[in-house]
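In the text below, chain A, chain B and the rest are named by the order of the sequence lines, each starting its count at 1.
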Amino acid sequence: MQLSKTYNPAEVEDKWYKYWMDNGYFHADANSNKPKYSIVIPPPNVTGVLHMGHMLNNTIQDILTRRARMQGKEACWVPGTDHASIATEAKVVKMLKEQGINKTDIGREKFLEHAWVWKEKYGGIILDQLKKLGASCDWERTRFTMEPKLSEAVIQVFVDLYEKGLIYRGERMVNWDPSAKTSVSDEEVIHKDVQSKLYYINYKIAGEDGHITIATTRPETLLGDSAVCVNPNDERYAYLKGKKVIVPVANRQVPVIFDEYVDIEFGTGCLKVTPAHDINDFELGKKHSLETIDIFNEDGTIAPIAGHYVGMDRFAVRKQIVKDLEEIGLIEKIEDIKNSVGYSERTDAVIEPRLSKQWFVDMKKIIDKNPKVLQAVMDDEIKFHPAKFKTTYKQWVENIREWCISRQLWWGQRIPAWYAPDGSFVVAATEQEAIQKFQISNFKFEMGELKQDEDVVDTWFSSWLWPISVFDGFENPNNPDIKAFYPTDDLVTGPDIIFFWVLRMVMAGYEYRGEKPFKNVYFTGIVRDKQRRKMSKQLGNSPDPLELINQFGADGVRMGILLSSSAGNDILFDESQVEQGRNFCNKIWNAYRLVKGWEIVEDSAVDTEIVKANQLASKWFASKLNEGLKEIEEKFADYRLSEALMAIYKLVWDDYCAWYLEMVKPEYGKPINRSAFDATIAHFSDLLKIVHPFMPFITEELFHDLNDGNPAKPIIVEDYPKVQQGVEAVPSLAIDFITEMRNLRNSKGLSPKEEIKTALVCENETTAAVYSSFEYIIRKLANTPAVEILAEKPEGALQLLVKNDALYVFLEESIDPETEREKISEEIKYLQGFLKSVDAKLSNQKFVANAKGDIVERERQKKADAEAKLRLLNDNLLALS
RNA sequence: GGGGGCAUAGCUCAGUUGGUUCAGAGCAUCUGCCUUACAAGCAGAGGGUCACAGGUUCGAAUCCUGUUGCCCCCACCA
């Protein structure tokens with residue numbers, strides 16, 4: 001194959017993805033006798049499109065999966081999507097609206113039909129996008145949280161928890177999303193500080209001339225007022241005891257009540273009480289037996305009971321009522337105030353506290369039943385990376401509250417509660433079971449009167465079962481899949497859903513399998529732009545990942561996003577990193593292009609000196625590679641993937657391309673000897689394997705070409721290189737020397753073509769032998785006609801520096817003594833200072849007495865080394881003058 | 001109001017229980033090179049009072065206290 005000058009990702013990516021798919025390399029078999037490795041994907045919303053957060057998250061999962069697969073494990077990465085009740089329902093409602101269809105007009109069944117059509121049409125987009133990224137998911141296992149089996153699991157668990165007394169129904173003040181017309185959990189409410197106004201409104205005292213002034217940010221709710229409250233210790237208002245005030249506009253009389261809840265300092269110290277529309281007021285109302293007047297419809301418009309502004313939206317009413325109050329002179333003043341307002345995470349609507357009947361899970365009881373939920377994380381049985389998130393987790397566990405799981409939506413699993421006409425209910429999976437249960441409990445019960453609860457369960461109620469349900473662990477707790485792949489190995493997710501998802505999965509894991517759901521949790525950061533702003537559609541600062549892939553290639557994007565993402569830190573995404581990724585692909589590509597272009601001859605046809613030098617170069621690289629592998633292993637063990645990648649990057653770019661290839665590269669037009677060529681290819685092949693989990697496409701492409709298009713195994717299932725024991729460490733002394741030569745050349749403005757005569761003075765025989773073995777390589781890379789390795793410094797030679805047990809000596813007269821003197825003097829100065837500090841330490845009794853281990857010995861050695869060096873430098877200074 | 005985290009080179013980050021040349025890496029910058037794989041490249045260089053102030057210690061980027069600045073979570077504000 002003719003290779004182009006640069007790597008062209010577009011030509012190869014689709015080809016290899018299809019190849020991997022067609023050959024079933026992504027599929028994991030539960031019955032295989034290999035050790036198992038599994039990850040379940042954090043299911044993206046069906047409504048979603050791929051964003052940079054997904055890119056990061058799934059790149060990491062793919063790296064872990066591919067590496068495990070190459071390490072001979074049966075690697076199973078389960079993909080899937082989440083039905084995302086609110087988000088999807090909102091999307092479908094909007095779509096229908098555009099067609100002039102109203103959700104309530106067509107009814108539940110018809111609406112769900114539309115929703116499923118929508119899901120079939122758009123729900124797979126995000127998964128297709130993952131394929132572009134190279135994700136090696138087992139697509140045969142693709143699951144959807146609302147598919148029949150997973151829905152059955154949800155119902156099964158609901159019924160089970162109800163029967164265990166862990167699910168109950170209750171009337172509560174809940175967070176109401178008037179836009180989605182459903183309750184949402186506390187955790188789905190985002191509090192934002194906003195600039196708003198504090199209105200001071202006068203309420204007339206009934207039967208008297210006076211008035212009192214209350215302060216409120218929500219004047220529209222006064223229609224639902226059922227009292228005014230002051231602090232009993234507030235002497236200003238003691239005279240109000242037993243009196244009533246008149247609610248403006250509504251013209252209702254309400255009592256003045258006294259409660260220490262009221263903050264004397266805030267506003268006027270006088271609070272209007274609206275039990276239906278504020279959680280604290282609700283509590284006050286209960287305590288003082290106040291009337292609850294719910295003035296809102298479920299969409300946030302004013303209900304008939306309010307008597308005024310009926311049908312108007314709450315925010316329009318706020319404006320209007322202020323205007324009306326001003327007209328009748330009851331607005332005392334208006335102040336600017338900063339306060340926090342709750343917004344719905346899904347729809348961004350302002351949350352309205354609302355009294356309603358909902359279903360709850362008793363989370364505290366589940367945790368009390370399963371102490372492992374906390375223990376396992378604290379004891380690292382479930383390991384968090386980074387560990388700092390253990391604290392967050394612990395806080396959540398310790399402050400756990402009941403979980404409101406009912407949602408007033410249609411898209412989702414319908415709550416399996418069945419009601420008789422008298423309002424009594426049973427919880428059962430099917431209508432038939434419900435009938436049976438009713439018959440046992442109530443013999444008067446007649447068939448055909450049952451009504452199922454209208455609500456569905458919170459989406460997270462299916463998510464928390466995900467690691468079990470994707471392996472059909474509820475349908476059959478002993479099936480081969482769940483036995484093989486549960487508990488999963490790694491979970492890759494964001495710290496923002498530690499409570500929503502991670503904790504709940506752990507709870508479900510222990511409750512339903514008596515076992516943790518995963519062994520490791522890798523927390524990725526939030527992807528931000530260069531200015532640290534969160535990437536969002538509104539800001540338009542999120543690049544389209546597919547666009548990036550088109551431009552830089554999937555491998556380049558994968559590398560770019562990973563480079564600066566140490567675990568748990570936010571990722572500051574910068575396109576230049578993706579560029580670096582692309583450049584790295586190109587480097588690998590061109591290294592291969594170079595090697596491929598070489599003409600090969602037998603070893604006997606090449607100078608022995610060269611053959612030997614090439615062998616040495618290969619040995620040197622082999623030792624570098626082995627060291628690199630060791631480091632990479634360690635980084636992976638700590639889940640420091642970006643550092644592992646950096647180690648790989650340096651191994652390829654610096655050690656292999658910049659040094660090794662330059663060492664063995666034949667002179668222009670000359671052939672390379674066979675053994676050197678084979679070694680070069682073998683090293684390259686190892687590197688490709690190490691790179692593959694990070695950059696799957698280019699490595700598969702080159703691995704095939706390397707093996708004439710027909711490797712024994714494609715790289716995706718090749719054996720990942722292992723750290724070798726007993727690899728001879730070859731010192732990099734020659735590298736340092738060559739670098740110094742180049743340095744000198746640079747500082748003198750000499751061209752690389754200009755030869756410099758050099759010598760090394762080396763008293764130590766072992767070191768001398770190493771230098772000597774590298775002589776050919778030094779001559780070649782430093783472009784010097786000869787390197788003499790001498791036991792002592794020749795007359796008249798100029799020394800450059802002392803390093804690695806040797807003197808680097810230049811025989812060339814072109815060296816300027818003055819500059820060299822300066823250099824040496826500077827170094828002497830530094831060494832003297834250094835020695836002073838070492839001496840200070842060593843003459844310090846306390847140091848000698850207290851320093852542990854061999855610290856003191858090391859200091860002595862340092863001193864001796866420095867002194868020796870200093871002597872040499874002084875000698876040289878003399879020689880120069 | 002409660003809790004947690006962070007502060008190291010221009011940028012993004014490493015720095016494992018205090019102790020070898022510990023003050024590092026990548027990118028960016030600067031200098032010189034189109035040297036026959038790659039200018040998406042090659043060869044080099046410069047750059048930091050480790051936020052600030054105290055303390056512990058023979059010894060502190062590392063441990064303690066305080067200050068300042070930033071971030072996150074929870075609770076809550078009429």
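- Checking the phosphate oxygens (OP1, OP2) of B:A37, a side-chain nitrogen or oxygen of A:K665 falls inside 4.0 Å.
- With contacts defined as side-chain heavy-atom distances shorter than 4.5 Å, the pair A:F694/A:M559 does not qualify.
- When heavy atoms are screened at a 4.0 angstrom cut-off, A:I337 is found touching no nucleic acid atom at all.
- Within the 4.5 Å cutoff, side-chain heavy atoms of A:T221 are placed close to those of A:K272.
- Among the atoms of the strands shown, none is found under 4.0 Å from any heavy atom of A:V848.
- For the residue pair A:N231/A:E260, the side-chain donor-acceptor check at 3.5 Å is not satisfied.
- Atoms CH2 (A:W653) and C1' (B:C42) sit 11 Å apart, rounded to a whole Å.
- Judged by distance alone, with hydrogens and angles left aside, A:S576 brings no side-chain donor or acceptor close enough to the base of B:C27 to form a pair under 3.5 Å.
- Remark: the A:E662 side chain and the B:A43 base include no donor-acceptor N/O pair separated by less than 3.5 Å.
- Using a 4.0 Å cut-off, no side-chain N or O of A:T6 falls inside it from OP1 or OP2 of B:C38.
- Between A:N590 and B:G41 there is no side-chain N or O to OP1 or OP2 distance below 4.0 Å.
- Of the residues near RNA chain B, A:A591 and A:N583, the one whose nearest nucleotide (by heavy atom distance) lies more toward the 5' end is A:A591.
- Residue A:Y668 places no side-chain N or O under 4.0 Å from the OP1 or OP2 atom of B:U35.
- If you measure from atom CE of A:M646 to atom C1' of B:G26, you get 4 Å, rounded to the nearest angstrom.
- OP1 or OP2 of B:A75 has at least one side-chain nitrogen or oxygen of A:R401 nearer than 4.0 Å.
- Between A:Y393 and A:L503 the shortest side-chain heavy-atom distance falls below 4.5 Å.
- Atoms CD (A:E599) and P (B:U36) sit 19 Å apart, rounded to a whole Å.
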